Visitor: 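Take this structure, written in structure tokens, and hold onto it; I'll ask about it next.
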Amino acid sequence: MPVAVCALSHSPLIGFNHPAKAVEKRVEMAFDQARSFIAEFDPNLVVLFAPDHYNGFFYDMMPQFCIGTHATALGDYNTPAGELSVAKSARTMAKDVLAAGIDIAVSERMYVDHGFSQPLQILFDGLDKVPVVPIFINSVATPLCPVGRIRQLGTAVGHASAHIAEQRVLFLGSGGLSHDPPVPQLENATEEVAARLIDGRNPTPEERARRQARVIASGLELAAGTSSMRPINPEWDRQFLDLISAGELQHVDAWDNAWFAEQAGNSSHEVRTWIAAYAAMAARGNYVINYRFYEPVPEWVAGFAVTTAVSADA
Ligand SMILES: O=C(O)/C=C/c1cccc(O)c1O
Ligand SMILES: [Fe+2]
């Protein structure tokens with residue numbers, strides 16, 4: 001039963017802000033590479049690990065991770081809106097992951113944002129082109145669980161994937177690497193912002209447009225060097241990619257949550273999606289990364305990376 005991985009950064013600013021043409025071209029070539037890899041692997045199931053950015057998940061009930069048995073994309077930042085094609089195996093996998101001692105939440109009405117929809121759009125040209133098991137991983141709403149729990153989650157998902165009907169499973173991680181976009185934090189939020197983080201579902205079109213305009217402007221400021229946001233940290237990103245490449249995921253268990261934010265920005269916790277995807281792969285045997293791309297892209301507020309991996313004995 002072959003398994004494979006694709007993990008990639010996302011940014012809702014793609015298409016809004018434009019880095020140098022050569023940079024956009026290199027990223028597009030990386031997407032081409034990932035698309036060719038996936039087309040050749042021909043998965044009949046994608047297990048998609050992705051975060052949310054206070055669009056589908058709020059502090060009124062914030063799980064650390066959640067598996068969707070139905071999922072709908074909201075369509076923020078011009079990403080496609082609509083139903084994901086959630087596989088029946090989502091239920092089987094939820095049962096198996098719980099039986100392994102990982103208390104994953106289950107949602108019959110999961111709402112997801114660009115974290116899920118962008119990779120499906122870029123890699124599969126739509127939300128419903130491939131059966132998917134969507135797994136939300138909290139990467140912004142503090143307090144966050146220890147990152148070692150995410151590795152255990154990924155491991156449990158990997159084991160569960162060996163007992164489902166689908167035979168060709170792609171583990172897809174969406175997020176990271178170092179970046180610090182202006183996603184608000186509850187601890188220092190005004191009353192108005194706190195209310196939005198606790199239960200800000202269904203913003204008006206004007207509210208959504210204001211939020212998006214602020215984030216789009218933040219990318220231009222980061223690129224111009226006039227931003228107070230934490231800069232992208234290519235060295236931290238390189239070390240993270242080296243660790244994944246070496247298959248030494250167990251080291252993440254010692255990583256302190258505060259250290260992520262200090263080194264690589266609050267949203268660097270999105271690498272949790274990569275850790276889960278690669279831990280799932282590792283649970284199915286040794287792997288080799290056969291493609292690795294990295295480029296810091298401040299206009300998109302992203303240490304932008306794309307990797308693919310296959311089983312070592314494939
Ligand atoms: O949710 C937002 O408004 C912005 C999200 C964002 C910006 C830049 C990089 C990312 O990974 C994001 O999710
Ligand atoms: Fe994000």
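Any value given below was found using the heavy atoms of this structure, including those in side chains, with hydrogens, waters and symmetry copies removed. Bear in mind the structure is a predicted one, so any value in this text is a computation, not a measurement. Read the numbers this way: they start at 1 and go in the same order the structure lists the ligands and their atoms.
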Visitor: Taking 4.0 angstrom as the limit, do Arg238 and Glu235 come out as a salt bridge?
Guide: yes
Visitor: Check the hydrophobic clustering (I, L, V, M, F, W, Y; side-chain heavy atoms under 4.5 Å; chains of links allowed) and say if Ile244 and Trp259 are grouped together.
Guide: yes
Visitor: I'd like the atom pairs linking ligand 1 to the protein - N or O on both sides, separation under 3.5 Å - with distances to 0.1 Å.
Guide:
residue, atom, partner, partner atom, Å
ligand 1, 1 (O), Arg211, NH2, 2.9
ligand 1, 3 (O), Tyr77, OH, 2.6
ligand 1, 3 (O), Arg211, NE, 3.3
ligand 1, 3 (O), Arg211, NH2, 3.4
ligand 1, 11 (O), His10, O, 3.4
ligand 1, 11 (O), His10, NE2, 3.1
ligand 1, 11 (O), His179, NE2, 3.0
ligand 1, 11 (O), Glu270, OE1, 3.4
ligand 1, 13 (O), His10, NE2, 3.4
ligand 1, 13 (O), His53, NE2, 2.6
ligand 1, 13 (O), His114, NE2, 2.8

Visitor: Do Phe37 and Tyr291 have ring centroids that are under 6.0 Å from one another?
Guide: no
Visitor: Working note: Ile104 + Ile135, criterion side-chain contact (heavy atoms from CB on, under 4.5 Å); need CA distance, chi angles, decisive distance, verdict.
Guide: CA-CA 9 Å; Ile104 194 163; Ile135 302 182; 4.1 Å; yes
Visitor: Is the closest side-chain donor-acceptor distance between Thr226 and Glu221 under 3.5 Å?
Guide: no
Visitor: How large, to 10°, is the angle at the Fe ion (ligand 2) when you draw lines to OE2 on Glu270 and to NE2 on His10?
Guide: 110°
Visitor: Applying side chain to side chain donor-acceptor pair (under 3.5 Å), which residue pairs with at least one partner in residues 271-284 are found, sequence neighbours left out?
Guide: Ser161-Arg284, Asn257-Arg272, His269-Arg272, Tyr278-Thr307
Visitor: Please evaluate residues Ser268 and Gln263 with respect to the criterion side chain to side chain donor-acceptor pair (under 3.5 Å), reporting the C-alpha separation (whole Å), side-chain torsions for both, the decisive distance (0.1 Å), and the verdict.
Guide: CA-CA 9 Å; Ser268 64; Gln263 294 291 314; over 6 Å; no
Visitor: The Fe ion (ligand 2) to His179: any N/O/S contact under 2.8 Å?
Guide: no
Visitor: From the Fe ion (ligand 2) out to just under 2.8 Å, does an N/O/S atom of His114 turn up?
Guide: no
